[in-house]
Amino acid sequence: MIEKDGFFERVYEVTKKIPYGRVSTYGAIAKYLGTGGSARVVGWALNSSSGLGVFIPAHRVVNRNGILSGKKHFGGSLIMKQLLENEGIRIKDDKVVDFKKLFWNPRLEL
DNA sequence: GGTGTGACAATGG
DNA sequence: GCCATTGCCACAC
């Protein structure tokens, strides 16, 4: 149950609910929130997640290609990759291996 | 209140 | 099949 005024808050809630060892996409989250085409807003929300005081598993969110597009914004080029590998997710050339299998769709599972 | 921007997505050449 | 362009929506100034 998400009752937040800001769109960002909803993005945080969904992102925090991403299961361990799973990844999701900006478009999927955006679609789940009802915005659909506002996938960019989702990424932007995660950008603001830094400094909230609450850790957001933004490293589990990648673009539709499974590429760690936001790794550079995560505070380091390798940080995001390390975190994903720490959860058992294999990263190949900054891309999620078996992305289709690890893909977590909030619209279906949440 | 209008303009700009952004960690994307989809389409066209 | 890869590169370029457009669309999209929410927030900051």
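Just so it is clear, the model here is predicted, and its values are computed rather than measured.
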Write down the distance between [atom1] ([X]) and [atom2] ([N]), rounded to a whole number of angstrom.
X     : N     : atom1 : atom2 : result
A:K72 : B:dA7 : NZ    : P     : 7 Å
A:L83 : B:dA7 : CG    : C1'   : 15 Å
A:Y26 : C:dC9 : OH    : C1'   : 17 Å
A:N65 : C:dC3 : CG    : P     : 12 Å

B:dC8 OP1/OP2 closer than 4.0 Å to side-chain N/O of A:S69: yes
Aromatic plane relationship, A:F99 with A:F103 - under 30° parallel, 30 to 60° tilted, over 60° perpendicular: tilted
Criterion side chain to side chain contact (heavy atoms under 4.5 Å, CB included) against A:M80, the qualifying member of A:E85, A:K71, A:H73: A:K71
For A:W104, the option from A:L110, A:V23, A:T25 that meets side chain to side chain contact (heavy atoms under 4.5 Å, CB included): A:L110
Approximate separation, where rounding is to 0.5 Å, of A:R60 CZ and A:T15 OG1: 10.0 Å
A:K81: partners by salt bridge (charged side-chain N to carboxylate O under 4.0 Å, His left out), with sequence neighbours left out: none
Sugar-phosphate only, base, or nothing, as touched by A:N63 at under 4.0 Å among non-hydrogen atoms: sugar-phosphate
Touch class at under 4.0 angstrom, heavy-atom based, for A:A58 against every strand present: base
Proximal nucleotide (of B:dA7, B:dG6, B:dA9) relative to the A:W44 side chain: B:dG6
Would you tabulate the pairs of protein nitrogen or oxygen atoms and nucleotide nitrogen or oxygen atoms of nucleotides 6-8 of chain C closer than 3.5 angstrom?
{"residue": "C:dG7", "atom": "O6", "partner": "A:R40", "partner atom": "NH1", "Å": "2.9"}
{"residue": "C:dC8", "atom": "N3", "partner": "A:R40", "partner atom": "NH1", "Å": "2.8"}
{"residue": "C:dC8", "atom": "N4", "partner": "A:R40", "partner atom": "NH1", "Å": "3.3"}

Test item: A:S69 side-chain N/O and A:V62 main-chain N/O as donor-acceptor pair under 3.5 Å: no
